[in-house]
Amino acid sequence: MNNDSKMPIVLIGNSFKYETEATLKLFFNTARFTFINDRNMIEGDRYVVAEVCGDSEPRRFIAEVCLGGEPVITEGEASSDKLEHEICRAIFHTLCRLTGIRPPWGIMTGIRPVKKVTELIEKGLDKEQIRSELTERFELMPDKFELAYRTAVNQLPILEKIDRSAASLYVSIPFCPTRCSYCSFVSHSMDSARKLMPEYISALCRELEILGNIVRETGTVIDTIYFGGGTPTSISADELRAVMEAVGRSFDISSVREYNVEAGRPDTITEEKLRVIKELGASRISVNPQTLNDDVLRVIGRQHSGEDAIRAFELARSLGFDNINTDLIAGLPSESPESFRRTLDRICELSPESITIHTLTLKRSADLFGFSEGNIGNPAAEMVDYSIEKLHSCGYLPYYMYRQKNTIDNLENVGYAKKGFESWYNIFIMDETQTILGAGCAASTKLVYPDGKINRIHNYKFPYEYINRFDELMTKKTEVTECLKKIKSIPQK
């Protein structure tokens with residue numbers, strides 16, 4: 001099924017829209033769906049029906065799947081609290097048989113599988129009990145359970161040190177030299193954004209000052225800082241200095257446990273920018289080639305070579321950076337398993353402190369989405385399997401993980417690190433137990449209240465809107481103040 005398909009999902013006697021669609025996405029990750037509530041409205045010979053019959057417990061259900069040819073019908077019973085899960089399980093099993101696809105994460109559709117493992121560990125379950133719970137309920141494949149369990153165990157010591165009365169800071173520089181074909185982030189090419197840059201930097205520094213005042217007034221400690229994008233080093237060294245100096249003026253960074261700047265694309269990394277980053281307090285950077293294969297780099301729209309990436313890494317090392325992360329993507333168009341292995345082997349020779357393995361994700365806003373049929377047979381799974389084995393043998397431990405919709409083969413993104421070099425910010429953002437203050441265009445503030453409630457405040461997505469509606473945007477900071485006052489009551493771990 002391609003991205004133009006609109007498969008009908010018929011919901012009768014229920015409103016299980018989200019999980020039913022999520023289950024189908026495991027098999028048809030770029031398909032589109034329409035929701036109806038009447039079998040007579042079905043058009044074509046490809047559809048799914050999820051029907052709940054009667055009101056008495058246990059509830060009877062019918063799951064019907066047709067992919068052309070004869071429909072496959074499954075009937076069953078479940079209590080009301082398990083009904084949605086059992087319907088999706090029935091659809092899952094039918095699709096496994098009809099498509100020959102066996103999603104490795106089973107019917108676990110959330111983006112944070114490690115969080116489920118952590119919750120069970122904290123309840124006192126041992127590894128075998130957790131394995132039984134997750135493989136039976138969600139039908140995880142054994143290797144994915146092992147990866148999730150190892151990741152949870154490795155991040156638990158850091159989770160135990162989270163200060164929920166503190167906050168982290170995210171600074172958005174949403175610009176890139178060019179837009180990569182796989183990218184779905186709200187990022188803007190420097191050619192189109194350059195004329196807005198002085199106003200954008202000025203507005204960002206003003207927002208940092210406003211947030212800094214709130215942090216001081218509420219007595220909040222800033223725990224970690226992360227500059228992301230886009231590519232923060234797309235801007236000039238002077239502009240980068242202005243933003244980092246604004247951070248230093250607005251916040252007490254003496255107690256910050258981790259200060260990250262995602263240097264990102266090698267073609268934006270210069271000695272001058274690296275010196276600014278180091279001088280102004282950042283201790284962890286990322287150099288992200290995604291691949292060292294020059295042919296693949298051209299296909300995805302990068303304007304640097306694999307050797308440029310290696311030179312950027314070595315330059316950072318020579319300037320004294322001793323905590324460097326490198327990002328790679330499994331499943332890039334035209335990348336072969338052999339090419340991916342050569343890239344990962346070479347990166348391991350450089351010995352960065354952490355390596356993040358992403359899996360190609362086909363987002364509707366990415367240029368690659370329109371060519372999603374070309375990703376049938378993508379060898380991403382073979383690449384991911386190799387990365388698990390290789391990184392383990394080189395002493396890297398998985399420490400954070402997340403999944404996304406429309407990821408090739410329903411795979412995952414995993415951060416690996418040498419012991420003691422795990423990124424606290426990455427763990428905090430996945431665990432959702434610490435407030436994160438977002439500054440800049442397209443940044444999101446995540447307010448985590450003492451009762452666990454989470455509220456998000458989104459900044460405007462586009463630079464011109466962020467600049468022109470800045471004062472309106474700042475009126476939303478009242479809730480930030482109230483949240484920070486409340487989290488001060490949380491005992492520090």
Side-chain angles (χ1 to χ4, degrees), residues 3 30 173-194 229-235 262-270 273 285-316 324-350 352 355-384 386-387 404 406-409 411 413:
N3 56 298
T30 63
I173 311 288
F175 307 103
C176 285
T178 57
R179 185 181 177 91
C180 297
S181 61
Y182 58 79
C183 183
S184 64
F185 287 112
V186 179
S187 57
H188 311 274
S189 72
M190 290 303 295
D191 287 343
S192 62
R194 200 169 300 282
T231 303
T233 45
S234 293
I235 62 178
E262 197 169 287
R265 288 174 55 156
D267 48 336
T268 68
I269 297 172
T270 66
K273 293 174 188 177
I285 64 168
S286 290
V287 178
N288 302 331
Q290 315 304 3
T291 178
L292 296 179
N293 184 321
D294 291 349
D295 293 334
V296 178
L297 287 168
R298 281 191 290 272
V299 168
I300 65 175
R302 288 289 185 105
Q303 296 180 337
H304 64 83
S305 68
E307 282 302 313
D308 291 335
I310 292 169
R311 280 193 292 270
F313 182 95
E314 291 175 340
L315 174 62
I324 305 177
N325 173 74
T326 298
D327 280 9
L328 301 177
I329 297 179
L332 287 172
S334 79
E335 183 99 86
S336 68
E338 294 76 17
S339 166
F340 179 84
R341 285 196 291 271
R342 286 194 296 272
T343 285
L344 184 55
D345 290 351
R346 181 69 179 98
I347 292 296
C348 288
E349 289 173 7
L350 294 173
I355 300 173
T356 306
I357 304 295
H358 298 276
T359 305
L360 180 66
T361 298
L362 299 173
K363 295 289 190 178
R364 293 193 186 279
S365 58
D367 294 341
L368 271 183
F369 188 86
F371 303 97
S372 56
E373 284 297 290
N375 283 286
I376 294 173
N378 188 310
E382 186 177 344
M383 301 176 190
V384 167
Y386 179 75
S387 70
Q404 297 170 278
N406 303 337
T407 298
I408 296 294
D409 288 345
L411 292 165
N413 308 291

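S234 has its side chain out of reach of I173: every pair of non-hydrogen atoms, C-beta onward, lies at least 4.5 Å apart. The closest side-chain heavy-atom distance from L350 to E314 is below 4.5 Å.
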(request) Apply side-chain contact (heavy atoms from CB on, under 4.5 Å) to C348 and I355, showing your working. (result) CA-CA 9 Å; C348 288; I355 300 173; 4.1 Å; yes
(request) I would like to know whether T359 and D409 meet side-chain contact (heavy atoms from CB on, under 4.5 Å); could you show each step before the answer? (result) CA-CA 9 Å; T359 305; D409 288 345; over 6 Å; no
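Closest approach of L297 to G306, counting heavy atoms only: CD1-N, 3.6 Å. Nearest heavy atoms, H358 versus N413: CA-OD1, 3.2 Å. Of all heavy-atom pairs spanning T343 and L292, the tightest one is OG1-N, 3.0 Å. The minimum heavy-atom distance linking A312 with I269 is given by the pair CB-CD1, 4.0 Å. Closest heavy-atom contact between V296 and S334: CG2-OG, 3.5 Å. For the residue pair P266 and H304, the shortest heavy atom distance occurs at CD-NE2, 3.5 Å.
Separating the CG atom in L360 from the CG atom in L332 is a distance of 6.0 Å, to the nearest 0.5 Å. Between the CD1 atom of I310 and the CD1 atom of I347 there is a distance of 6.5 Å, given to the nearest 0.5 Å. Taking CG of D267 as the reference point, atom OG1 of T231 lies at 8.0 Å (rounded to 0.5 Å).
Formation of a donor-acceptor pair under 3.5 Å by the S336 side chain with backbone atoms of S339 is found in this model.
Partners of R311 according to the salt bridge (Lys or Arg N to Asp or Glu O under 4.0 Å) rule, which considers only residues two or more places apart in sequence or in another chain, are D308. Checked against side-chain contact (heavy atoms from CB on, under 4.5 Å), N288 has the following partners two or more places apart in sequence or in another chain: E262, S286, Q290, N325, D327. With sequence neighbours excluded, the residues that form a side-chain contact (heavy atoms from CB on, under 4.5 Å) with A316 are L274, I285, F321, I324. Taking the side-chain hydrogen bond (donor to acceptor under 3.5 Å, both in side chains) definition, one finds that T407 meets it with T361, sequence neighbours left out. Taking the salt bridge (Lys or Arg N to Asp or Glu O under 4.0 Å) definition, one finds that D295 meets it with R298, sequence neighbours left out. Taking the side-chain hydrogen bond (donor to acceptor under 3.5 Å, both in side chains) definition, one finds that T268 meets it with T233, sequence neighbours left out.
Residue pairs meeting the salt bridge (charged side-chain N to carboxylate O under 4.0 Å, His left out) criterion with at least one partner in residues 339-349, sequence neighbours excluded, are E338-R341, R341-E382, D345-K390, R346-E349.
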